[in-house]
Amino acid sequence: ANELIGSLISASADLRNRIVKAMNLDFLKKSDELTRRHVVKILAAKCLALNFVSTASAAPARPMAGGGGKAKSLIIISFRGGISQVDTFDIKEANKEANSNSEPIKTSADGIRIGKYFGRMGEHMDRVALIHSMQHSQGVHYDASYLMSTGYLRRGTVVHPELGAWISKYGERRSGDIPPFIKLGAKSGLGAGFFPGKYGALPIPDPSEGITNAKLPGSVNDARFRNRFSLTEELNQEFGTTLSTNLTDNYHEAYANAVKLMGSKDLEVFDLNKESEKTKEAYGQNSFGYGCLLARRLVEHGVGCVTIENDGWDDHANIYDEFAQRADVADQGISALMSDLRSRGLLDSTLVAFTTEFGRDAKLGSSNGRGHNPRGYTCMLAGGGIRGGQKYGATDDLGQTAVEKIVSPEDFHATIGYAMGLDIDLVEKSPEGRPFTIGDKGQPLTTLFG
């Protein structure tokens, strides 16, 4: 779209002169010809003064149907790198090696013990369903992460939508001008796959800063801004009469949504300064803690899907050197989020999913670390109609391989779609005409609800 817009501007001397006059850019006055890169940079950065092009979605493409859960919002917390299940949420009596370091502790749920590193989270196990039998075949980070994010194996011919994009397209729009799919800690809008870009995520690189540059700079008043935007609109209308495509239409819509968002009162949801110091301290004054706090504010505002990443769990060597410090940050942020959702009456309508791309080997390696293990690992679900205090499936005696009620990432996605009230049998076709569903026809774990 940018290349096409650049071509049109370069071909229009009159419009070029109007842009130069409106923007008062000296280097343009001295230039006889605009390059595509210059024009695109000017329009995207100077005219709108934004760091991003908003991917705000429209209303659902069609009504939801078929799901059995009662969740209206989804928060995905991803332990990136592959967190060790035998040191956290899949404690095994026979694994003396892991237990001597992780020391199992009791929780608020009868019969459920977890590693000592997540003591605060243990207070919420009565609201959590632990799925101990996750399994797939992808032992490489990127491929496993793609599978856990989309519910599909990575292929060279198609990019699949993430769960948030399905929710963005088919979920009920309740968030006003704020897009229904937001990624905290992300630097680019990802996740739309073969869906139109407007269903992808709005990236928020730093949760403590929210959306940066959403206000006009001091040198640009409202009149000048309106003049600049009117030029953009005129350009789009002229272009649309002859060369409009789905790609350019999406670009134009995203541009307009970005402008609309700039003037919206809904932007206040990103302002963490509206929270008390006590609340911020409860979550932890770090990137992950701020992400959890902002996630609560976003679902409270009606956002459909929020993702948060908790990095650093790729422990190939000396696993216990920094395990406690990382776990403390995660444990504090998650437990504060769970407490906040519960106290505000939001947990019943908010599904919280704890994921990781795979687990770790049950036995320590020669470097006192654990290798990648997709054969058996743990994911968890809480809220959103999930019956807490339960365990589903099981790994072997050491916690290495899933052996009972095996659950695939596809099943996990179907379960979340079911919880969100989405029609998991609804077929979407890629531009090539290939059919796809939420979770690649996985089977929802309906026994988790109730």
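The model shown is predicted, which means the values in this text are computed figures rather than measured ones.
Annotation: side chain of His160 is in contact with side chain of Val158 (closest heavy-atom distance under 4.5 Å). Looking only at side-chain heavy atoms (C-beta outward), Tyr199 and Phe181 stay at 4.5 Å or farther from each other. Between Met121 and Met338 there is no side-chain heavy-atom pair separated by less than 4.5 Å. With contacts defined as side-chain heavy-atom distances shorter than 4.5 Å, the pair Tyr283/Phe288 does not qualify. Side-chain atoms of Gln138 and Pro374, non-hydrogen and from C-beta on, never get closer than 4.5 Å to each other. For the pair Ile76/Ile416, no side-chain contact is recorded, criterion being any heavy-atom separation below 4.5 Å from C-beta on. Contact of the Met134 side chain with the Gln85 side chain is not registered, since no non-hydrogen atoms from C-beta on lie closer than 4.5 Å. Side-chain contact between Asn310 and Ile308: absent, with no pair of heavy atoms (C-beta onward) separated by less than 4.5 Å.
A donor-acceptor distance shorter than 3.5 angstrom exists from the side chain of Ser108 to the backbone of Met125, with no hydrogens or angles considered. Using modelled atom types, one side-chain atom of His372 and one backbone atom of Gly139 make a donor-acceptor pair closer than 3.5 Å. Under a 3.5 Å cut-off, the side chain of Glu357 and the backbone N or O of Gly81 do form a donor-acceptor pair. Judged by distance alone, with hydrogens and angles left aside, the side-chain atoms of Ser84 form no donor-acceptor pair with the main-chain N or O of Arg360 at under 3.5 Å. Between the side chain of Tyr152 and the main chain of Pro161, no donor-acceptor pair closer than 3.5 Å is present. A donor-acceptor contact shorter than 3.5 Å links the side chain of Thr356 to the backbone of Ile83. A donor-acceptor pair under 3.5 Å links the side-chain atoms of Arg173 to the main chain of Gly176, judged by distance alone. Between the side chain of Arg297 and the backbone N or O of Val269 there is at least one donor-acceptor pair closer than 3.5 Å. A distance-only check finds a donor-acceptor pair linking the side chain of Gln332 to the backbone of Ala282 [under 3.5 Å]. Counting only distance, with no hydrogens or angles, the side chain of Ser168 and the backbone of Ala165 share no donor-acceptor pair below 3.5 Å.
The environment of Glu322 atom CD is sparse: at most 12 non-hydrogen atoms of other residues, nucleotides or ligands sit within 6.0 angstrom. Remark: Lys116 NZ is packed, more than 12 non-hydrogen atoms of other residues, nucleotides or ligands lying under 6.0 Å away.
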Steps toward salt bridge (Lys or Arg N to Asp or Glu O under 4.0 Å) verdict (Asp328, Arg120)
CA-CA 9 Å; Asp328 185 61; Arg120 284 169 290 200; 2.4 Å; yes

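Atom-to-atom distance recorded for Ser430:OG and Arg155:CZ is 13.5 Å, nearest 0.5 angstrom. Tyr170 OH to Phe195 CZ: the interatomic distance, rounded to the nearest 0.5 Å, is 5.5 Å. Atom CG of Leu381 sits about 9.0 Å away from atom CG of Leu74, to the nearest 0.5 Å. Going from atom NZ of Lys441 over to atom CG of Asp425 covers 9.5 Å, rounded to the nearest 0.5 Å. In this structure, CG in Asp411 is found 10.5 Å from CD1 in Ile406, a value given to the nearest 0.5 Å.
Checked against the 6.0 Å centroid criterion, the rings of Phe354 and Phe89 do not qualify as a close aromatic pair.
The aromatic rings of Tyr377 and His136 sit perpendicular to each other, their planes meeting at more than 60°, with 30° as the lower class boundary.
In this structure, a donor-acceptor pair under 3.5 Å is absent between the side chains of Arg296 and Thr350. Ser175 and His301 share no side-chain donor-acceptor pair at under 3.5 Å.
Taking all atoms of both residues into account, the shortest heavy-atom contact from Asp314 to His141 is OD2-NE2, 3.0 Å.
With sequence neighbours excluded, no residue satisfies ring pair (Phe, Tyr, Trp, His ring centres under 6.0 Å) with His413. Listed by chain and residue number, Arg80, Thr355 satisfy the side chain to side chain contact (heavy atoms under 4.5 Å, CB included) test with Ser78 (two or more places apart in sequence, or in another chain).
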